[in-house]
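Read the structure below first, then the notes.
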Amino acid sequence: MEEKLKQLESTFLSKISDVQTEHELGSLRAQFLGKSGSLSEVLKGLKDIDPKLRPVVGSLANQIRDRMESGIKAKQADLESLEIAKKIQEEKIDVSLPGRIRWMGTVHPLVQVQDRIVDIFSRLGFSYIQGPEIETDFCNFEALNIPKNHPSRDMQDTLYIDENRLLRTQTSSMQIRAMLSEPPPVRLVMTGAVFRSEAVDATHSAMFHQLECLCVDENVTMEDLKGTLEFFAREMFGNKTKIRLRGSFFPFTEPSVEVDCTCVFCSGKGCKVCKKSGWIEILGAGMVNPAVFEKVGYPSTVSGFALGIGIERVAMLLHDISDIRLFYENDIRFLRQFL
Ligand SMILES: [Zn+2]
């Protein structure tokens, strides 16, 4: 019996040295010290041996059990410190590594241009407003003197939501909303996205941005429009910038003009950008058509001017960008140039 106990202990010792995990240690403990473990099995034989020898064998069995218990405890401690050492190794921080650069968000180039233009008109006393992108047919067309069946409704391929609602095709719809909600005088600058059912290419987008100004009061004349445009052109493109007006047609202004300014790249001498003309078309404008005032219920004694600028067009001119799609792709390499 003593032999059996010693044999058991040596088997235990060889097995415990192979133990790698806490789970394996648990199994080993059950195998040797559990209720039906090997030690209990051996001790079942105690009743068959000489009663005189029982205390000696019993004492040996207790010593072996104690040694096994403390062996398991020691192994447990070893495994735990190994685990800790492993964790420390894994979570080691190399303080000499260079830091990660956190890129700050910045204002989109289109918004930068928009903010600059809004700021210029704010200094002339224009207040900034915004309006809904989903518009009624009345605000987007009817009240702007573009009746149903008017050819310009075909010109602007409109994205209709239903018979009466559409995605606004021009920011001019905000002029109507403003005049319907407040009496004259008004002096407003407004911006926003507009939508057309347009095939997308380098110079066309189904969604782009406009900025619009409206000034209505008594005795507002073409002269006021011209002075405003000259101020804007100088502030935007430099002190020496000149403008010229060419007759044009918009249903909501009468008379209507296209506005050119001297080329920013060649100062009017003629270059590739201005196609040797020295002039670049920047916006459309005109005196508000009295038919529009009638639609919004303004008195016939008022007059006013309106002007509209394509924000993408100005941004492309200023930054010499040839593809409008770059503005919408959110490519960080493109956007980073406008920090
Ligand atoms: Zn030029």
Side-chain angles (χ1 to χ4, degrees), residues 106-124 126 155-156 170-171 189 191 193-194 196 198-205 207-213 222-250 253 255-287 305-329 331 333-339:
T106 184
V107 180
H108 191 276
L110 286 178
V111 181
Q112 288 181 23
V113 169
Q114 173 194 297
D115 288 352
R116 236 178 101 186
I117 305 176
V118 168
D119 178 64
I120 293 168
F121 286 107
S122 302
R123 282 185 268 141
L124 290 175
F126 287 80
M155 260 159 53
Q156 303 170 337
Q170 49 199 358
T171 43
V189 56
T191 63
V194 299
R196 311 262 171 100
E198 188 111 43
V200 177
D201 63 25
T203 51
H204 295 88
S205 169
M207 188 271 305
F208 53 99
H209 300 81
Q210 287 184 336
L211 179 144
E212 188 120 350
C213 281
M222 199 80 185
E223 204 53 32
D224 298 310
L225 170 61
K226 204 174 166 219
T228 303
L229 291 170
E230 277 170 346
F231 177 80
F232 164 71
R234 282 199 304 267
E235 291 295 308
M236 192 71 196
F237 302 110
N239 243 338
K240 288 180 181 154
T241 312
K242 292 188 176 66
I243 61 160
R244 74 174 182 192
L245 309 181
R246 287 179 289 114
S248 184
F249 170 79
F250 306 113
T253 47
S256 304
V257 288
E258 298 277 0
V259 183
D260 301 337
C261 71
T262 42
C263 176
V264 257
F265 298 97
C266 62
S267 309
K269 288 187 199 83
C271 69
K272 206 178 76 186
V273 181
C274 58
K275 298 189 181 89
K276 305 279 177 202
S277 71
W279 295 95
I280 291 177
E281 185 189 322
I282 47 165
L283 59 93
M287 300 307 291
F305 67 75
L307 60 94
I309 305 173
I311 293 174
E312 277 83 348
R313 182 171 164 68
V314 176
M316 287 168 87
L317 264 178
L318 280 176
H319 301 301
D320 195 16
I321 295 164
S322 55
D323 195 327
I324 195 170
R325 291 169 290 196
L326 288 166
F327 290 122
Y328 317 118
E329 284 166 354
D331 187 327
R333 292 165 301 182
F334 172 75
L335 296 173
R336 245 180 225 163
Q337 299 173 66
F338 304 94
L339 290 175

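Each ligand, and each atom within it, is numbered from 1 in the order the structure gives.
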Do the non-hydrogen side-chain atoms of F338 and T106 ever get within less than 4.5 Å of each other? no
Would you name the heavy atoms of D201 and D323 that are closest together and state the gap between them? O-OD1, 4.3 Å
Around atom CD of E329, are there more than 12 heavy atoms from other residues, nucleotides or ligands closer than 6.0 Å? yes
Within the 2.8 Å cut-off the protein N, O or S neighbours of the Zn ion (ligand 1) are C263 SG, C266 SG, C271 SG, C274 SG
In terms of heavy-atom contacts, T253 and S256 come closest through OG1-OG, 2.6 Å
Is any NZ, NE, NH1 or NH2 atom of the basic residue among R246 and E281 found under 4.0 Å from an Asp or Glu carboxylate oxygen of the other? yes
Find out whether H209 and F327 are in side-chain contact, i.e. whether some heavy atom of one side chain is under 4.5 Å from a heavy atom of the other. no
